[in-house]
Amino acid sequence: MLKISAIILAAGLSERMGTDKLMLMYKDKFLLQHSLDLLNSLPVFERIAVTATHRLEKISLPPGVKTVINLQPEKGQSESIRLGLKAASGTHFLFMPADQPELTLNDLTPLINAAAENPDKIIYPVIGGEPSSPTIFPQSFRTALTGLSGDTGGWVIREANKERCVGVEVENSGNFIDIDFPEDLENN
């Protein structure tokens with residue numbers, strides 16, 4: 001049986017947005033709160049949020065979510081991945097960006113099911129033939145993930161191990177949209 005550690009990566013500096021995007025309002029909630037609410041609904045082994053201290057003052061952290069503070073977000077996404085893995089004790093790691101507020105449990109269930117059917121594979125959504133996020137990695141990739149540096153995410157490992165990947169075509173591709181620029185907020 002899979003023991004999925006779901007890890008929200010919410011410590012970024014929001015450089016493309018020009019302001020702390022996770023603390024911007026999106027449909028009456030902070031952008032980060034949408035991701036935390038989704039995290040709370042997932043049928044997973046454990047829930048982890050890697051974030052910055054100042055964000056904790058404004059959001060409602062669901063019970064049972066382990067909080068890991070990234071004191072060096074300038075090191076890039078790899079630092080949040082490393083910190084999340086250090087806190088994780090599962091057999092699989094579901095890395096969730098904190099800027100996909102439309103994602104639902106129904107969107108992630110096919111990924112979780114695919115991981116159960118392919119426990120030694122990297123699982124990710126496919127939109128229009130292209131890989132997207134969130135991504136589930138089995139334990140066998142833990143060392144490679146902790147070895148990432150800079151603003152490099154798990155996509156590098158996915159690309160280097162295509163034979164160990166399973167892409168899952170998604171039904172609601174609009175739910176997987178990232179909020180990266182001010183116009184992304186305006187268009188939703």
Side-chain angles (χ1 to χ4, degrees), residues 4-44 47-52 55 58-62 65 70 73 76-81 84 92-115 122-137 145 148 150-159 162 165-188:
I4 296 177
S5 299
I7 304 167
I8 287 187
L9 303 175
L13 298 175
S14 305
E15 291 172 337
R16 288 178 285 195
M17 183 65 81
T19 188
D20 186 355
K21 70 178 175 182
L22 297 182
M23 293 293 94
L24 294 176
M25 294 303 286
Y26 181 87
K27 297 186 179 178
D28 299 326
K29 283 197 264 190
F30 291 118
L31 195 60
L32 176 56
Q33 192 66 55
H34 287 275
S35 296
L36 290 170
D37 292 347
L38 174 60
L39 178 68
N40 194 42
S41 74
L42 295 176
V44 294
R47 296 161 184 82
I48 300 166
V50 181
T51 192
R55 292 183 179 133
K58 297 180 179 178
I59 51 113
S60 174
L61 201 62
V65 173
N70 183 343
Q77 191 177 64
S78 63
E79 182 68 7
S80 290
I81 290 171
H92 290 73
F93 313 107
L94 167 59
F95 288 101
M96 300 171 55
D99 61 356
Q100 292 178 311
E102 292 294 325
L103 279 180
T104 67
L105 175 58
N106 288 337
D107 295 322
L108 297 184
T109 298
L111 300 176
I112 293 169
N113 291 342
I122 299 170
I123 309 296
Y124 57 88
V126 174
I127 299 170
E130 296 294 322
S132 188
S133 295
T135 303
I136 301 174
F137 289 90
L145 287 162
L148 293 171
D151 207 26
T152 304
W155 65 270
V156 173
I157 294 167
R158 185 190 67 224
E159 288 298 308
K162 289 184 178 183
C165 292
V166 172
V168 177
E169 202 62 49
V170 301
E171 288 185 25
N172 300 310
S173 60
N175 291 359
F176 289 81
I177 299 296
D178 292 350
I179 304 292
D180 287 326
F181 301 99
E183 54 270 19
D184 295 336
L185 277 174
E186 294 163 13
N187 294 334
N188 286 299

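Quick caveat, the model's predicted, so the values are computed rather than measured.
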Visitor: Hey, what do you get for CD1 (Ile177) to CG (Asn172), rounding to the nearest 0.5 Å?
Guide: 11.5 Å
Visitor: Using 0.5 Å steps for rounding, measure from the OG atom of Ser41 to the CG atom of Asn106.
Guide: 9.5 Å
Visitor: Suppose we screen for side chain to side chain contact (heavy atoms under 4.5 Å, CB included). Which residues come up paired with Pro110, at least two apart in sequence or across chains?
Guide: Val168
Visitor: Do Ser78 side-chain atoms and Gly150 backbone N/O form a donor-acceptor pair below 3.5 Å?
Guide: yes
Visitor: Give, for atom CD1 of Ile179 and atom CG of Asp99, the distance between the pair rounded to the nearest 0.5 Å.
Guide: 7.5 Å
Visitor: Considering non-hydrogen atoms only, spot the tightest contact between Val156 and Leu148 and give its length.
Guide: CB-CD2, 4.5 Å
Visitor: Might you work through the side chain to side chain donor-acceptor pair (under 3.5 Å) test for Asp107 and Thr104, ending with a clear yes or no?
Guide: CA-CA 5 Å; Asp107 295 322; Thr104 67; 3.1 Å; yes
Visitor: Using a 3.5 Å distance criterion without hydrogens, assess whether the side chain of Asp151 forms a donor-acceptor pair with backbone atoms of Gln77.
Guide: yes
Visitor: Which atom pair, heavy atoms only, marks the closest approach of Leu145 to Gly154?
Guide: CD2-CA, 4.2 Å
Visitor: Can you list the residues that meet the side chain to side chain contact (heavy atoms under 4.5 Å, CB included) rule with Ser35, with sequence neighbours excluded?
Guide: Ile8, Ala98
Visitor: Can you check whether Phe30 reaches Met25 side chain to side chain, under 4.5 Å on heavy atoms?
Guide: yes
Visitor: List for me each residue that meets side chain to side chain donor-acceptor pair (under 3.5 Å) alongside Gln100, sequence neighbours excluded, and say none if there are none.
Guide: Asp178
Visitor: Any side-chain heavy atom of Phe95 within less than 4.5 Å of one from Pro134?
Guide: no
Visitor: So, using side chain to side chain donor-acceptor pair (under 3.5 Å) as the criterion, who are the partners of Glu171 when residues are at least two apart?
Guide: none
Visitor: Which value, rounded to the nearest 0.5 Å, describes the distance between Ile157 atom CD1 and Ile122 atom CD1?
Guide: 7.0 Å
Visitor: Would you mind writing out the side-chain donor-acceptor pairs for residues 123-133 within the sub-3.5 Å range, not counting sequence neighbours?
Guide:
none

Visitor: Only counting residues at least two apart or in another chain, list the ones meeting side chain to side chain donor-acceptor pair (under 3.5 Å) with Thr152.
Guide: none
Visitor: Considering only heavy atoms from C-beta outward, does the side chain of Leu9 approach that of Pro97 to under 4.5 Å?
Guide: no
Visitor: Between atom CG of Leu36 and atom CD1 of Ile59, what is the distance when rounded to the nearest 0.5 Å?
Guide: 5.0 Å
Visitor: Does any non-hydrogen side-chain atom of Leu108 lie less than 4.5 Å from one of Leu38?
Guide: yes
Visitor: Name all residues meeting the side chain to side chain donor-acceptor pair (under 3.5 Å) criterion together with Thr51; count only those two or more places apart in sequence or in a different chain, and write none if there are none.
Guide: none
Visitor: Examine distances only and state if a side-chain atom of His92 and a backbone atom of Ala115 form a donor-acceptor pair shorter than 3.5 Å.
Guide: no
Visitor: List the residues meeting side chain to side chain contact (heavy atoms under 4.5 Å, CB included) with Asp37, not counting sequence neighbours, and say none if there are none.
Guide: Lys29, Gln33
Visitor: Roughly how far apart are Arg158 CZ and Thr135 OG1, rounded to 0.5 Å?
Guide: 5.5 Å
Visitor: If you compare all heavy atoms of Arg55 against all heavy atoms of Ala10, which two are closest, and at what distance to 0.1 Å?
Guide: NH1-O, 2.6 Å
Visitor: For Ala6, enumerate each residue passing the side chain to side chain contact (heavy atoms under 4.5 Å, CB included) test, keeping only those at least two apart in sequence or located in another chain.
Guide: Leu39, Leu42, Val44, Leu94, Met96
